[in-house]
Amino acid sequence: MITKLSNSHLQRYVLAGQAEVGLSKAALATNALRSTALEVEAHPMKWAEYVARRGDWVFDRVGVALDTAADRLAVQGALPRWIANAWTQEQDLGISRHGFDDGQACLCCMYMPTGKSKDEHQLVAEELGMPEAHDEVKTRLQTNTGVPNEFVARVGTAMAVPFGPLAAFVGQPLRSFYQQAICGGLVFQLSDGSRLVRTVVPMAFQSALAGIMLAADLVKHSAGFPMSRTTSTTAPPLVLTSMIRKPKIPAAAASAAMRISFPPTG
């Protein structure tokens, strides 16, 4: 992973505070685990680069907590012997388990497209207010080059917000600019809420709980403990909120809060 922490991460990163802004996620995890008995080796790079540098394709187990389906498919493409995959989304959070030859669904099966959808560069161009610039956006996303002054100014004009607060993003990769200015809510703030942007923000505990579930399965698998026979375990966050507020909720209701699913094998 090469992403650095920003203010927009603090709402859901329980290990991070204001002092950690600007720190890479790999370094944050390394620092947090330094006082444990675990031997931690950080690799602040993308998965493809890590696989290329590693020199072999033998992965006994891989824990996945990525943002996009494409990144998850890339991990599955390396054919690990076992994968634990954690996610959060609007309606639930959960974890899925995928063995190389267990007869159940692989990680790709969890993210099969259900219809035609726009490419990432088209969505980003639209949310920057410049749908006509989708080819330029595609190139900048692919090359990861810094956005020039002129590009940032065009975004400010298209979004009807002042250039000044956006000037700090000049020279940063487009993805970073997009994540902080659009996803991070800066444009929404600068427009006093008049410029609507598509933003999905998980509840504060969702990411932490998904991470705990992922860590638990990794520990169980590495220790040789019996693993769940289910491919996927999901938990509706609104039901969990009720459970947190009412710790004496009946056992039957608590059991019903967990939904077990069996995706098609593949």
Side-chain angles (χ1 to χ4, degrees), residues 1-5 9 13 15-16 20 23-88 93-113 119-120 138 141-145 173 175-176 179 207-208 210-233 262-266:
M1 63 177 73
I2 57 175
T3 305
K4 292 186 177 181
L5 291 164
H9 291 116
Y13 275 69
L15 296 178
E20 282 70 43
L23 190 68
S24 75
K25 294 180 181 178
L28 177 68
T30 301
N31 293 342
L33 296 171
R34 183 170 289 131
S35 60
T36 71
L38 297 174
E39 294 183 9
V40 181
E41 184 177 347
H43 298 278
M45 61 188 71
K46 291 189 175 182
W47 173 258
E49 183 181 356
Y50 168 68
V51 172
R53 291 189 180 188
R54 179 184 171 94
D56 68 62
W57 290 62
V58 180
F59 301 97
D60 288 328
R61 66 188 59 84
V62 176
V64 177
L66 297 168
D67 290 332
T68 68
D71 288 337
R72 287 178 165 90
L73 299 186
V75 174
Q76 178 63 77
L79 302 179
R81 289 196 175 101
W82 185 81
I83 297 173
N85 167 61
W87 77 84
T88 62
L93 59 94
I95 183 171
S96 59
R97 311 160 189 89
H98 312 274
F100 179 75
D101 59 354
D102 60 5
Q104 300 296 322
C106 72
L107 185 55
C108 289
C109 293
M110 301 288 291
Y111 296 91
M112 294 290 287
D119 291 331
E120 180 191 27
K138 180 178 181 179
L141 288 172
Q142 291 177 337
T143 59
N144 204 39
T145 53
R175 195 177 304 279
S176 176
Q179 289 174 343
S207 296
I212 291 171
M213 294 169 67
L214 176 62
D217 262 40
L218 286 170
V219 170
K220 287 168 58 181
H221 189 267
S222 62
F225 294 149
M227 299 300 298
S228 172
R229 294 181 60 252
T230 62
T231 297
S232 175
T233 303
F262 297 86
T265 60

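Residue indices begin at 1 and follow the sequence shown. What you see is a predicted model, and the numbers here were worked out from it, not measured in a lab.
- Annotation: side chain of Thr68 is not in contact with side chain of Tyr111 (no heavy-atom distance under 4.5 Å).
- To the nearest 0.5 Å, atoms CD1 (Ile95) and CD1 (Ile212) are separated by 11.5 Å.
- In this structure Ala65 satisfies the side-chain contact (heavy atoms from CB on, under 4.5 Å) test together with Leu214, sequence neighbours excluded.
- Take Asp60 and apply the side-chain hydrogen bond (donor to acceptor under 3.5 Å, both in side chains) test, not counting sequence neighbours, and it matches Arg81.
- Here the side chains of Arg53 and Met45 are in contact, with some heavy-atom distance below 4.5 Å.
- Identified under the salt bridge (Lys or Arg N to Asp or Glu O under 4.0 Å) test for residues 97-112, with sequence neighbours left out: Arg97-Asp217.
- Distance check: Met213 CE to Thr233 OG1 gives 6.0 Å after rounding to the nearest 0.5 Å.
- Rounding to the nearest 0.5 Å gives a distance of 5.0 Å between CD1 of Ile83 and CG of Leu107.
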**OP:** Begin with the C-alpha distance, continue with both residues' side-chain angles, and end with the deciding distance and a verdict on side chain to side chain contact (heavy atoms under 4.5 Å, CB included) for His98 and Met110.
**Re:** CA-CA 10 Å; His98 312 274; Met110 301 288 291; 3.4 Å; yes

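- Taking both residues in full, the closest heavy atoms of Ala42 and Thr30 are given as CB-OG1, 3.3 Å, listed atom of the first, atom of the second, then distance.
- In this structure, the side-chain contact (heavy atoms from CB on, under 4.5 Å) partners of Glu20, at least two apart in sequence or on a different chain, are Leu5, Ala16, Leu23, Leu28.
- Scanning all heavy atoms of the two residues, the minimum distance from Trp87 to Ser232 falls at CH2-OG, 3.2 Å.
- Between the side chain of Arg175 and the main chain of Asn144, no donor-acceptor pair closer than 3.5 Å is present.
- The backbone N or O of Leu33 lies less than 3.5 Å from a partner atom in the side chain of Thr36, making a donor-acceptor pair.
- Scanning for side-chain contact (heavy atoms from CB on, under 4.5 Å) contacts around Ser35 gives an empty result, with sequence neighbours left out.
- By the 4.5 Å heavy-atom criterion applied to side chains, Asn31 and Arg34 are counted as neighbours.
- Annotation: side-chain contact (heavy atoms from CB on, under 4.5 Å) contacts of Val51 (sequence neighbours excluded): Trp47, Trp57, Phe59.
- Of all heavy-atom pairs spanning Gln76 and Cys106, the tightest one is OE1-CB, 3.5 Å.
- Note: Trp82 and His221 have parallel aromatic rings, judged against thresholds of 30 and 60 degrees for the angle between ring planes.
- Within 6.0 Å of CE on Met112 lie no more than 12 heavy atoms contributed by other residues, nucleotides or ligands.
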